[in-house]
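These notes are about the structure you will find just below.
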Amino acid sequence: MSEDKSYYFCGIGGSGMLPLAMIVKATGARVSGSDRALDQGRLADKFQWLQDRGIDLFQQDGSGLIDGNQILIASAAIEDSVPDVAQAIALGCRRMTRAELLAEHFNSAQRSIAVGGTSGKSTVTGMIGWILTEAGCDPTIMNGAVMKNFADADAPFASSRVGAGGMIVSEVDESDGSIALFKPEIAVLNNVSLDHKSLAELRILFGDFIAKSNHAIWNHDDAESIALVGSLDLSDASSFGFSEGSDYRALQVEEQALGASFTLRRGEADFPVSLQVPGRHNIANALAAIAASCAIGVPIDLAISAIGSFRGLARRFDIVGTANGVTVIDDFGHNPDKIAATLRTLKTFPGRVIAFFQPHGFGPIKKMGVELAAVFSENLSDDDRVILCDPVYFGGTVDRSHGSESIVDAIIAAGGAAEHIAARQQCGDRIVELAKPGDRIVVMGARDDTLHGFALAILTAISLR
């Protein structure tokens, strides 16, 4: 990437596109783009922020592509009939996916850490990025979520950080198979479980991912990871977890409503660790982050000190506020593992849970609807409530035969209390109607930045009662 290149991002406001656009622009390349949300008048603050940083934005009608030397960055799933794609084809523009461009940048770095796995990628990436920053490594960080430690008035959408230390840490995605493009020095494997692909496909993707690294960090508590590591001849590896035999092991765990503390045992040495993010899953995330940071050369005491000031990510168990005794939490939970982690954290402490879930598409319901229903049924009590609206749908030819009502029917059949209300706004009205002092309301879903505003609206409505 150099100053003579011009990249055009189709969908520039997306959680994976925006941070990469900022990283690419910092290299001196020209960056412009379009987004369907911009055309629809949504997320105005985000697009104004991009424009204020010298990124030209256009309607998603092909008008921003005027030169065959421009490189179109677009999802492989976007059809050729989309105006931006059609115009790029007509001009003879080169086309790359977001992952291809990121991998090109990542693989050229002097030192690199890639974070993979079904769940926890963004949090572990943010944790490692913060540790490396505090350690003076000046890393570049590519994340899919806003990192609170780096966010401020000038950078409210801090899902990336541009550094000059020759070191990069990035989450990498298995859902489209693009994890295969990355050649990391250090590969972190958080876990292996059902999400976008079958377990058979995931075993191949994640196995290849850690096998080509110089040092693999893997989850000693995850049966799939144990089996995977056992089948490979790794050059160097470190494990993390709660179980005996973990190289980085958590003992004497104390969960708190807004954090956690534990003792980290490495070899014969014990270290006290304190976190500002709650839940056993975040203890596991912290172990992975500390292990990866140590593998790249950060002293363990410095890594532990830094992790204690990590404040989390936006939309990852993000406490929006409390009003009239009701707490509202915004969360990215959308697959069985992520939702289970959030619900288990909530159920560690007393109080009824009202769980709102917006599925992130019709396809995911068809693929894992049974597992999603089971997660709600198994992790909530009789007095808790689950409310689902219709899935995210921004158009296209997707099969819509499996909707949210199928999940609700399965929860009810298992003895749970669930409702399907098609319109999200009406779901919000119902939640406000149900809420009483002591309740925790959790808003869950992915691929829709307006969910945080929805959570805020619920909190506001409750405060005005």
Side-chain angles (χ1 to χ4, degrees), residues 1 16 19-20 23-24 27 96-133 135 137-145 147 159-163 165-192 202-220 222 224-225 228-229 231-240 247-248 284-285 287-298 303:
M1 286 172 278
L20 182 56
I23 289 172
V24 169
T27 68
M96 299 178 72
T97 65
R98 179 199 65 84
E100 287 170 340
L101 179 58
L102 174 58
E104 183 180 278
H105 191 80
F106 181 94
N107 293 337
S108 67
Q110 296 170 21
R111 309 205 67 186
S112 60
I113 303 175
V115 182
T118 308
S119 302
K121 293 187 291 291
S122 297
T123 298
V124 174
T125 299
M127 286 177 166
I128 296 171
W130 180 242
I131 292 171
L132 297 180
T133 302
C137 299
D138 196 14
T140 291
I141 309 167
M142 170 67 195
N143 210 329
M147 300 172 284
S159 49
S160 64
R161 177 191 189 273
V162 178
M167 187 178 293
I168 185 169
V169 55
S170 177
E171 64 172 300
V172 292
D173 192 7
E174 80 287 349
S175 66
D176 58 359
S178 62
I179 190 173
L181 300 171
F182 294 82
K183 301 172 183 177
E185 175 185 350
I186 309 231
V188 180
L189 179 60
N190 289 338
N191 40 55
V192 182
L202 292 175
R203 288 167 188 146
I204 294 172
L205 285 169
F206 288 135
D208 291 344
F209 168 62
I210 60 173
K212 63 188 175 187
S213 69
N214 294 343
H215 191 117
I217 309 294
W218 60 280
N219 187 343
H220 197 275
D222 179 52
E224 283 286 342
S225 297
L228 197 59
V229 169
S231 69
L232 300 171
D233 183 18
L234 299 176
S235 59
D236 199 6
S238 301
S239 63
F240 65 91
D247 295 315
Y248 291 77
N285 290 337
L287 291 171
I290 292 169
S293 300
C294 290
I296 211 164
V298 177

Is a side-chain N or O of Asn190 found less than 3.5 angstrom from the main chain of Ser119, in a donor-acceptor match?
yes
Show your working on side chain to side chain contact (heavy atoms under 4.5 Å, CB included) between Leu132 and Ile113 and close with a plain yes or no.
CA-CA 11 Å; Leu132 297 180; Ile113 303 175; 4.2 Å; yes
Is a side-chain N or O of Asn107 found less than 3.5 angstrom from the main chain of Lys183, in a donor-acceptor match?
yes
Side chains of Met147 and Ile141: closer than 4.5 Å at any heavy-atom pair?
yes
Measure the CG-OG1 distance between Asn143 and Thr123 for me, rounded to the nearest 0.5 Å.
8.0 Å
A side-chain contact here means heavy atoms from C-beta on lying under 4.5 Å apart; do Glu100 and Ser178 qualify?
no
Run Arg111 and Ile296 through side chain to side chain contact (heavy atoms under 4.5 Å, CB included) and show every step you take.
CA-CA 8 Å; Arg111 309 205 67 186; Ile296 211 164; 3.6 Å; yes
Are Ser293 and Ile128 packed together at the side-chain level, in the sense that at least one heavy-atom pair is separated by less than 4.5 angstrom?
yes
Between Phe182 and Ala99 the two heavy atoms that sit nearest each other are CZ-O, 3.9 Å
Distance from Glu224 atom CD to Trp218 atom CH2, nearest 0.5 Å?
13.0 Å
Looking at Val192, is its backbone amide N or carbonyl O close enough to the side chain of Asp222 to form a donor-acceptor pair, meaning the two atoms are under 3.5 Å apart?
yes
Side chains of Ser112 and Glu185 only: does a donor on one sit below 3.5 Å from an acceptor on the other?
no
Do NZ/NE/NH1/NH2 and the carboxylate oxygens of Arg203 and Asp208 come within less than 4.0 Å?
no
So, does Asp247 use its side chain to make a donor-acceptor pair with the main chain of Ser239 at under 3.5 Å?
yes
Yes or no on side chain to side chain contact (heavy atoms under 4.5 Å, CB included) for Met127 and Ile290, after CA distance, side-chain angles and deciding distance?
CA-CA 8 Å; Met127 286 177 166; Ile290 292 169; over 6 Å; no
Do you know the tightest heavy-atom contact between Ala211 and Leu234?
CA-CD2, 3.9 Å
What closest approach, in Å, do Arg98 and Leu20 show between heavy atoms, and which atom pair accounts for it?
O-CD2, 3.4 Å
Side chain to side chain contact (heavy atoms under 4.5 Å, CB included) evaluation trace for Leu102 with Met142
CA-CA 9 Å; Leu102 174 58; Met142 170 67 195; 3.7 Å; yes
Mark yes or no for whether Asn191, through its side chain, and Thr118, through its backbone, hold a donor-acceptor pair below 3.5 Å.
yes
Using the rule side-chain contact (heavy atoms from CB on, under 4.5 Å), only one of Val229, Asn219, Leu228, Ile217 pairs with Leu189; which is it?
Leu228
Minimum heavy-atom distance between Cys294 and Tyr248, given as atom pair plus value
CB-OH, 3.4 Å
Do side-chain atoms of Asp138 reach the backbone of Gly163 as a donor and acceptor pair under 3.5 angstrom?
no
Using a strict cut-off of less than 4.0 Å between a Lys/Arg side-chain nitrogen and an Asp/Glu carboxylate oxygen, indicate whether Glu174 and Lys121 qualify as a salt bridge.
yes
Heavy-atom nearest pair, Gly144 first then Ser122, reads N-OG, 4.1 Å
Taking all atoms of both residues into account, what is the closest heavy-atom pair of Phe209 and Pro184, and its distance?
CE1-CG, 3.9 Å
Donor-acceptor pair, side chain of Ser213 and main chain of Ile210, under 3.5 angstrom
yes
Whether the side chain of Glu171 engages the backbone of Gly116 through a donor-acceptor N/O pair (distance < 3.5 Å, no angle test) should be reported.
no
